[in-house]
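Convention: sequence-line order gives letters A, B, ...; per-chain numbering from 1.
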There are 2 protein chains.
Amino acid sequence: MASTQDATARAQIRDCALRLFGERGPDAVTVRDIAACAGVSPGLVLHHFGSKQGLRDAVDTHVETLFEDMLAHTVEEPDVFASGEPQALKSFAELLASQIPKDSPIPQYLRRLLLSGDPVGRALFRQWFELSLTATDAMDASGNLRPTPDRDAMTAFLMVNDLAMILLHDHIADVIGTDPLTQEGMQRWASVAFDVYLHGAFTKEDS
Amino acid sequence: MASTQDATARAQIRDCALRLFGERGPDAVTVRDIAACAGVSPGLVLHHFGSKQGLRDAVDTHVETLFEDMLAHTVEEPDVFASGEPQALKSFAELLASQIPKDSPIPQYLRRLLLSGDPVGRALFRQWFELSLTATDAMDASGNLRPTPDRDAMTAFLMVNDLAMILLHDHIADVIGTDPLTQEGMQRWASVAFDVYLHGAFTKEDS
DNA sequence: TTGCGTACTGAACAAGTGTTCAGTACCTTG
DNA sequence: CAAGGTACTGAACACTTGTTCAGTACGCAA
């Protein structure tokens with residue numbers, strides 16, 4: 001029932017857990033569910049990961065590693081992050097949309113991670129924020145960022161807006177008709193976002 | 001351990017369930033947990049709500065009612081929503097911050113609702129979107145909205161940004177130092193948001 | 001071959017789960 | 001007072017849960 005790249009039973013169990021945890025939440029998924037999904041016995045799950053908590057931790061660190069690789073792969077392209085181009089700031093969402101298949105369980109798991117109060121999620125958010133700060137500073141240095149009195153809040157604002165699209169993409173698809181995590185939906189969403197970030201959303205006749 | 005306004009045991013159970021469900025997620029909360037929190041026996045929980053699922057449904061509809069009241073109370077003030085003032089669009093967050101105490105379990109429960117794929121959450125999101133559309137149209141009619149080729153996406157963008165602040169407020173507090181759901185944090189956040197929506201975030205020398 | 005370690009199974013166990021129900025207390029209506 | 005309904009208790013039940021463990025199969029070194 002599961003087939004990604006790593007065909008070992010251990011990896012299959014981990015991937016199944018990742019998907020099921022993302023779909024239903026870890027508490028609503030039993031060890032037997034995961035074993036059935038991976039096509040192994042319940043005992044093997046505990047054999048490889050020690051306990052259900054051990055499996056949860058393994059999935060967490062696996063997701064962390066995935067993101068680290070993704071970010072490292074992006075940062076090493078100097079044109080994207082260090083250039084200070086405005087595009088740099090919306091690259092989290094575009095990164096996700098471009099680097100993962102559309103039926104990937106990663107976005108759903110990311111949701112749980114960020115919204116469960118989990119320390120792993122907090123660490124991830126902070127790490128992304130630090131990265132966003134460097135992007136903001138680069139934009140500022142190259143003159144592409146409009147001066148702001150509150151650099152931190154501005155950075156957080158832009159980053160959270162970006163993140164929100166990922167977290168709420170299915171609700172957005174519900175009401176505007178296209179999923180912003182797909183290729184075409186991303187273009188539509190980025191077009192609006194870029195427009196607002198360049199010209200604002202309100203008219204400024206008063207004040 | 002619980003004391004809001006309704007002192008009946010039934011209401012206490014419902015409020016405890018609301019808080020615990022929000023904190024840990026419904027699957028991680030047992031009927032005995034709720035009973036202990038409300039200071040009653042486990043049997044009484046089932047006596048009042050039939051089953052745990054019945055309690056979950058009751059909490060859902062209770063939250064729905066709370067939001068309906070909140071929105072109705074706001075919409076009936078003609079100056080806020082119908083006027084087309086720019087302030088109207090960020091009023092969800094301000095509404096939440098102003099109308100609920102800062103230790104309220106509502107924001108956390110709202111998170112679960114919106115991110116669990118629950119149909120109740122979907123309905124709530126759509127309902128808010130419809131309301132946002134009327135606000136957008138009002139702003140457009142009064143000339144306060146910059147013309148946009150994609151009204152739906154623009155509305156969703158502004159609304160999702162607003163919602164994101166609520167969903168991620170504790171992470172935001174983590175990195176910028178103030179919780180945007182508090183009085184002072186709200187001012188700081190709104191200041192940035194309003195600035196971006198009025199003047200943009202990027203400079204527009206090129207393109 | 002023998003031995004050993006690892007992957008793996010599936011039955012079993014103890015704890016925890018939602019739920020049931022007989023029974024108690026209390027208030028209201030006749 | 002009696003009668004009945006409602007709020008409420010807590011022990012018990014059936015089931016699911018995570019976890020354990022004896023046992024099997026297989027590959028590899030001696």
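- In terms of the salt bridge (charged side-chain N to carboxylate O under 4.0 Å, His left out) criterion, residue partners of Glu130(A) (sequence neighbours excluded) are, by chain and number, Arg126(A).
- Contacts between residues 19-35 of chain A and DNA chain D, defined by a heavy-atom separation under 4.0 Å, are made by Val29(A), Thr30(A), Val31(A), Arg32(A).
- Asp170(B) meets the salt bridge (charged side-chain N to carboxylate O under 4.0 Å, His left out) test with Arg111(B); sequence neighbours excluded.
- Listed by chain and residue number, nothing satisfies the side-chain contact (heavy atoms from CB on, under 4.5 Å) test with Gln183(A) (two or more places apart in sequence, or in another chain).
- The side chain to side chain donor-acceptor pair (under 3.5 Å) test with Arg151(B) singles out one residue from Thr136(B), Asp137(B), Asp140(B), and that residue is Asp137(B).
- Remark: Arg32(B) engages no residue in a salt bridge (charged side-chain N to carboxylate O under 4.0 Å, His left out) (not counting sequence neighbours).
- Salt bridge annotation for Arg24(A)-Asp33(A): present, with a cationic side-chain nitrogen under 4.0 angstrom from a carboxylate oxygen.
- With sequence neighbours excluded, the residues satisfying salt bridge (charged side-chain N to carboxylate O under 4.0 Å, His left out) with Arg146(B) are Asp195(A).
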Can you list, pair by pair, the side-chain donor-acceptor contacts under 3.5 Å of residues 113-123 of chain A, counting residues two or more places apart and other chains?
| unit_1 | atom_1 | unit_2 | atom_2 | d |
| --- | --- | --- | --- | --- |
| Ser116(A) | OG | Arg112(A) | O | 2.8 |
| Ser116(A) | OG | Asp118(A) | N | 3.4 |
| Asp118(A) | OD1 | Val120(A) | N | 2.8 |

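- Among residue pairs with one or both ends in residues 150-172 of chain B, those qualifying as ring pair (Phe, Tyr, Trp, His ring centres under 6.0 Å) are Phe125(A)-His171(B), Trp189(A)-Phe157(B), Tyr197(A)-Phe157(B); sequence neighbours excluded.
- Checked against dG10(C), dC8(D), dA7(C), the side chain of Ser41(A) finds its nearest nucleotide in dG10(C).
- Between Phe202(B) and Phe194(A), the two ring planes are tilted [angle within 30° to 60°].
- Of the residues in residues 47-63 of chain A, those placing a heavy atom less than 4.0 Å from an atom of DNA chain D are Ser51(A), Lys52(A), in numerical order.
- In this structure, the nucleotide among dT19(D), dG10(D), dC8(C) sitting nearest to the side chain of Leu46(A) is dT19(D).
- In this structure, CG in Leu133(A) is found 5.5 Å from CG in Asp152(A), a value given to the nearest 0.5 Å.
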Polar atoms only, N or O, under 3.5 Å: list the protein pairs with nucleotides 22-25 of chain C and their distances.
none

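- Atom CZ in Arg10(A) sits roughly 14 Å away from atom C1' in dT6(C) (whole-Å rounding).
- Atom OG1 in Thr148(A) sits 9.0 Å away from atom CG in Leu158(A) (nearest 0.5 Å).
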Can you give each donor-acceptor pair under 3.5 Å made by side-chain atoms of residues 38-51 of chain A, sequence neighbours left out, with the distance rounded to 0.1 Å?
| unit_1 | atom_1 | unit_2 | atom_2 | d |
| --- | --- | --- | --- | --- |
| Ser41(A) | OG | Leu44(A) | N | 3.4 |
| Ser51(A) | OG | Gln53(A) | N | 3.4 |
| Ser51(A) | OG | Gly54(A) | N | 3.0 |

Identify each atom pair where a protein N or O and an N or O of nucleotides 24-27 of chain D are less than 3.5 Å apart, giving names and distance.
none

